[in-house]
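Here, residue 1 is the first one in the sequence, and each next residue gets the next number.
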Amino acid sequence: MPWIKAFHIVFVASWFAGLFYLPRLFVNLAMVPPDSHAERERLLLMARKLYRFSSLLMVPALALGLWLWLGYGIGRGPGSGWMHAKLVLVLLAIGYHHACRSLLRKFEQFTNTRSERWFRVFNESAVGVFTAIVVLVVVKPF
């Protein structure tokens with residue numbers, strides 16, 4: 001079980017690293033002047049590759065987490081309210097991941113209407129989700 005935990009942590013941290021940086025690329029894309037096609041295309045290429053890579057990292061993170069939860073019973077039984085809260089946050093993180101894809105499509109189709117300031121706030125929200133998940137897992141407050 002320690003190996004599964006270790007790899008779960010590695011894949012979760014790697015997945016979230018992508019979720020931290022992808023919206024930062026959106027901030028930069030929102031700031032690109034309309035006539036700067038080369039810069040826009042370079043940032044879009046980076047965002048596409050990062051989204052794909054993050055998606056690949058998400059799969060083993062979720063699979064290993066399910067293995068720990070269902071296979072080893074981690075977070076089950078009395079005093080496992082923290083796990084229920086964590087699962088809600090994991091679903092939120094999955095939704096955030098897919099929202100990033102939707103935002104990327106808007107940039108690709110020239111239909112983004114959000115400001116760079118909005119993307120800065122959106123960028124920081126992933127940090128809040130990650131922090132809450134870590135606190136729930138380590139502290140197990142309920």
Side-chain angles (χ1 to χ4, degrees), residues 1-76 79-142:
M1 180 176 53
W3 284 100
I4 297 167
K5 275 186 185 180
F7 282 108
H8 175 62
I9 292 167
V10 167
F11 281 107
V12 168
S14 300
W15 172 36
F16 267 89
L19 293 181
F20 295 157
Y21 194 65
L22 185 57
R24 182 62 204 166
L25 290 172
F26 296 158
V27 169
N28 294 334
L29 275 163
M31 295 170 47
V32 170
D35 62 337
S36 184
H37 301 293
E39 182 180 3
R40 184 181 180 286
E41 286 306 314
R42 181 179 51 82
L43 289 169
L44 276 174
L45 178 65
M46 291 169 62
R48 283 185 205 108
K49 287 182 176 187
L50 183 56
Y51 180 80
R52 244 179 278 129
F53 189 62
S54 295
S55 296
L56 292 173
L57 293 166
M58 177 180 66
V59 172
L62 295 175
L64 291 167
L66 279 171
W67 191 355
L68 289 167
W69 182 43
L70 299 174
Y72 289 102
I74 291 179
R76 292 168 52 189
S80 62
W82 65 271
M83 178 58 87
H84 300 292
K86 178 195 170 195
L87 291 173
V88 169
L89 291 173
V90 168
L91 290 174
L92 185 64
I94 294 167
Y96 185 91
H97 182 93
H98 291 294
C100 285
R101 178 62 185 142
S102 176
L103 293 166
L104 178 55
R105 281 190 185 129
K106 288 183 180 186
F107 278 111
E108 290 171 333
Q109 298 166 354
F110 295 91
T111 59
N112 173 55
T113 57
R114 306 213 186 256
S115 70
E116 55 95 12
R117 183 178 219 155
W118 185 90
F119 284 108
R120 288 179 193 276
V121 172
F122 181 74
N123 184 27
E124 296 306 320
S125 61
V127 175
V129 172
F130 183 73
T131 302
I133 288 172
V134 169
V135 167
L136 285 169
V137 171
V138 173
V139 177
K140 295 178 179 59
F142 44 89

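The minimum heavy-atom distance between R114 and L103, with the atom names listed, is NE-CD2, 4.3 Å. Shortest non-hydrogen contact noted between C100 and P23 is SG-CG, 4.2 Å. N123 and L19 make their closest contact through OD1-O, 4.4 Å (heavy atoms, listed as atom of the first residue, atom of the second, distance). Nearest approach of L136 to K86, heavy atoms of both residues: CD1-N, 3.7 Å. In terms of heavy atoms, A132 sits closest to L89 at CB-CD1, 3.5 Å. For the residue pair F16 and A126, the shortest heavy atom distance occurs at CE2-O, 3.9 Å.
With contacts defined as side-chain heavy-atom distances shorter than 4.5 Å, the pair L92/Y96 does not qualify. Between V90 and V129 there is no side-chain heavy-atom pair separated by less than 4.5 Å.
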Review item, side-chain donor-acceptor pairs of residues 55-65, under 3.5 Å, at least two apart:
from : atom 1 : to  : atom 2 : distance (Å)
S55  : OG     : Y51 : O      : 2.9
S55  : OG     : H97 : NE2    : 2.9

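Ion pairing between a basic and an acidic side chain is recognised when a charged N comes within 4.0 Å of a carboxylate O; E124 and R120 show no such pairing.
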- Message: For a side chain to side chain contact (heavy atoms under 4.5 Å, CB included) check, start with the C-alpha distance between W82 and V139, then their side-chain angles and the critical distance, and finish with the verdict.
- Response: CA-CA 9 Å; W82 65 271; V139 177; over 6 Å; no
- Query: When you look at I94 and W15, which way does the side chain to side chain contact (heavy atoms under 4.5 Å, CB included) test go after all the steps?
  - Reply: CA-CA 10 Å; I94 294 167; W15 172 36; 4.1 Å; yes
- Apply side chain to side chain contact (heavy atoms under 4.5 Å, CB included) to the pair Y21 and L50, showing each step before the final yes or no. CA-CA 8 Å; Y21 194 65; L50 183 56; 3.5 Å; yes
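Within a 6.0 Å radius of CZ in F53, no more than 12 heavy atoms belonging to other residues, nucleotides or ligands are found.
Under the side-chain hydrogen bond (donor to acceptor under 3.5 Å, both in side chains) criterion, S115 pairs with no residue at all, not counting sequence neighbours. Partners of W118 under the ring-ring contact (aromatic ring centres under 6.0 Å, His included) rule, at least two apart in sequence or in another chain, are F122. For E39, the side-chain hydrogen bond (donor to acceptor under 3.5 Å, both in side chains) test picks out S36, with sequence neighbours left out.
Atom OG of residue S54 and atom CZ of residue F20 lie 11.0 Å apart, to the nearest 0.5 angstrom. Taking NZ from K106 and OG1 from T113, the interatomic distance works out to 6.0 Å, rounded to the nearest 0.5 Å. We find the CG-CG distance between L66 and L87 to be 8.5 Å, quoted to the nearest 0.5 Å. Here the straight-line distance linking atom CG of L29 with atom CZ of R42 works out to 9.5 Å at 0.5 Å rounding. Note that CG of L44 and CG of L104 are 6.5 Å apart. Values are rounded to the nearest 0.5 Å.
Note on residues 22-46: pairs passing ring pair (Phe, Tyr, Trp, His ring centres under 6.0 Å), not counting sequence neighbours, are F26-F107, F26-F119. For the salt bridge (Lys or Arg N to Asp or Glu O under 4.0 Å) condition, the pairs that include at least one residue of residues 48-62, sequence neighbours left out, are R48-E108.
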